[in-house]
Protein chains: 4
Amino acid sequence: MKSATTRSTTALLLVDVINDLDFPGSAPLVREAERMSVRLARLSERARRAGVPVVYVNDNFGRWQSDWRKVIEWCRRKDSPGRRVAARLTPKADDYFVLKPKHSGFFSTTLDLLLRHLGVETVIVTGIATDICVLFTSNDAYMRDYRVVVPRDCVAANTRRKSELVLEQIREVLSGRTPSSAGIRFGGGQNGGTHAHPRKPLRRS
Amino acid sequence: MKSATTRSTTALLLVDVINDLDFPGSAPLVREAERMSVRLARLSERARRAGVPVVYVNDNFGRWQSDWRKVIEWCRRKDSPGRRVAARLTPKADDYFVLKPKHSGFFSTTLDLLLRHLGVETVIVTGIATDICVLFTSNDAYMRDYRVVVPRDCVAANTRRKSELVLEQIREVLSGRTPSSAGIRFGGGQNGGTHAHPRKPLRRS
Amino acid sequence: MKSATTRSTTALLLVDVINDLDFPGSAPLVREAERMSVRLARLSERARRAGVPVVYVNDNFGRWQSDWRKVIEWCRRKDSPGRRVAARLTPKADDYFVLKPKHSGFFSTTLDLLLRHLGVETVIVTGIATDICVLFTSNDAYMRDYRVVVPRDCVAANTRRKSELVLEQIREVLSGRTPSSAGIRFGGGQNGGTHAHPRKPLRRS
Amino acid sequence: MKSATTRSTTALLLVDVINDLDFPGSAPLVREAERMSVRLARLSERARRAGVPVVYVNDNFGRWQSDWRKVIEWCRRKDSPGRRVAARLTPKADDYFVLKPKHSGFFSTTLDLLLRHLGVETVIVTGIATDICVLFTSNDAYMRDYRVVVPRDCVAANTRRKSELVLEQIREVLSGRTPSSAGIRFGGGQNGGTHAHPRKPLRRS
């Protein structure tokens, strides 16, 4: 077993991407999520190479007795609408995961403690759905004084309009940045620094 | 996968029993824990048969990337001083687990939400070590208005004196009960009721 | 001193209404808030008469050493743009208050514990600003399984469009209701019941 | 109103010293607390002069509607057994206060956020009662990676034995220090540094 010794000022959060998306009317979201997953897979790969921690922040689907492996198997099962997204974004051995019981990745989980343990100051929030778990997690990150970056092409919602409205809110209320994923540069250093938010000083009030 | 639908007013918490106990001077604690594990295995089996949820509340040993299965394998490895305790108390398929990053099972974890989800009002706290994680978890349970029961023969510390002092404190400060495990009766009903604390009304202030 | 013995399934939350609104460009928000305060004063009065707890959930303005009375005096000072709103919504002796250090009324405060102490299941969230503290507080209430009601004429934001977008989100994501304040009926019973959400069963997962 | 701009690596916490101590059998605790209050008044004065924040972490006595001034008045009323302790330890204008609803000063309060806001790394925990709120608060401080110092002559319990047992636990389990109050040196610098724990590096895991 490896312990979490690498420190990094940035972390990449993947919210609810391991997801069966199995509910009535999920077709538009599945399409959006599949498109998004191509870009997010690329961003995750770049993060891993730069030493930036990749953290799966994922629903437990009300299955409190199941471990992470079972959640993955469940979402990749043959008749799971989310199977292609889950396959494309399958976690690697060194990735972290936090099972969340509710909408925000910070609510009743160990996420905040993990991020502080890693020395994180900026979170890059990605995943599904923009107007629900991505927004709730971004809000909570902001209240805990993390800088928030939401790559606008690495989130998915039922409609593009919903994503746009949330991205607007993240810029205005959370002082967050919403670049395209291609615009995110991970530093090459050992600490996996990012230039995502070079100017704003960290305020941890 | 099964979801957590069974409700029960009582839950049995096993604190840090999956543990390699690999630190200098652990021999007395290992001996105490091995003795204790025989009785705790019996109590856990009775709880499962009565439909009372068995919840492993276990340290992640600073290994944030590892899942529960890896933690178990690690603690059962050949040169782990805690291997016999971990083997005797190996979780069953329907048991719950909560990985805790610090001493109290409630700190930065989903334990409180899980217990409320299950309808729990009384927690039976067992495990290692009486004066550290068992006490911290019991204190936090009490502050959250759970009734606390600590079976005096299902906890282990470095010395018996330490356990006795903590049990005294649990009785005096937490209004907790510290019966022997043989004295704990699980109700036969579907709800896995217990008679551990029949008289005191629940105050959830 | 009175203790909090009255129980009620509904509570009225006034978010950041005691506010100096002293920042560049606050004029539109001040105008909106003043209009809103007339209706909110009426709603608060009806709540008090029906025995529904009125809870001020208010920013501490970074003044951690100050008590609630000083915050009120500060916001009612002569050159405070928010003085008229604060005057119209001055708390009464039996109202509750929770000083919040961040955007959500639930973050690092005792609000959740107070609401449970009172037996509250439905929160009526009102105040300033719709897209910031009202939304953050509503989201957090929803995650804690409270039913959320946001009277659409008792919230204020910089622009009406912002309020409308947030109200839409509260309906769609939080399954919340957004009636006009005139449409809210407080029950006449001792428990101050409300008919705000008669159909949905409480799920406290 | 003053804002909290002074930063300090140390804070002095006074737990439940504003207290009416009005319960059957409180006489021994009142005697202990009165003796203790002489030394604690001196320590608080030294802290204030050195620029070390003095934080009252105090029970709300189930009176959720009352502000801090009313709590003080209540505990200093003529027939309050705790009136002499409360009088001797009356807060000064620049002191902070945190009303706590339960035993630990960190549970459902803003204390952790306030301490981080001030830049605190070491807490000096004092007050009433050693084996209840002082211990709960110290445990929670330790889990949040604060260094814990409990001056052994600035805490009070029903019996001296109880205090001694808790002080032993604070040394062994929390790696805390338990010097006499006379042995605590506050640095003279602007940051109110203390030499209470000069050697141990801060680990915020």
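Side-chain atoms are counted along with the backbone in the values below, which use heavy atoms only and exclude waters and symmetry mates. Below, chains carry the letters A, B, ... as their sequence lines are ordered, and counting in each starts from 1. Given the structure is predicted, the values throughout are model-derived calculations rather than measurements.
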When rounded to the nearest 0.5 Å, the distance separating CG of A/Leu135 from CG of C/Leu135 is 6.5 Å

Heavy-atom closest pair (A/Asp131 atom, C/Gln169 atom, distance to 0.1 Å) is O-NE2, 3.4 Å

So, the part of A/Ser108 with a heavy atom under 4.5 Å from chain C: the answer is neither

To the nearest 0.5 Å, atom NZ of A/Lys162 lies from atom CD of C/Glu168 at 7.0 Å

> Heavy-atom distance under 4.5 Å between the side chains of A/Asp140 and C/Phe107, does that happen here?
Replying inline: no

Query raised in the report: Any salt bridge between A/Asp145 and C/Lys102, counting N to O under 4.0 Å?
Result: yes

Should the pair C/Tyr142 and A/Phe136 be assigned to parallel (<30°), tilted (30 to 60°) or perpendicular (>60°) ring geometry? perpendicular

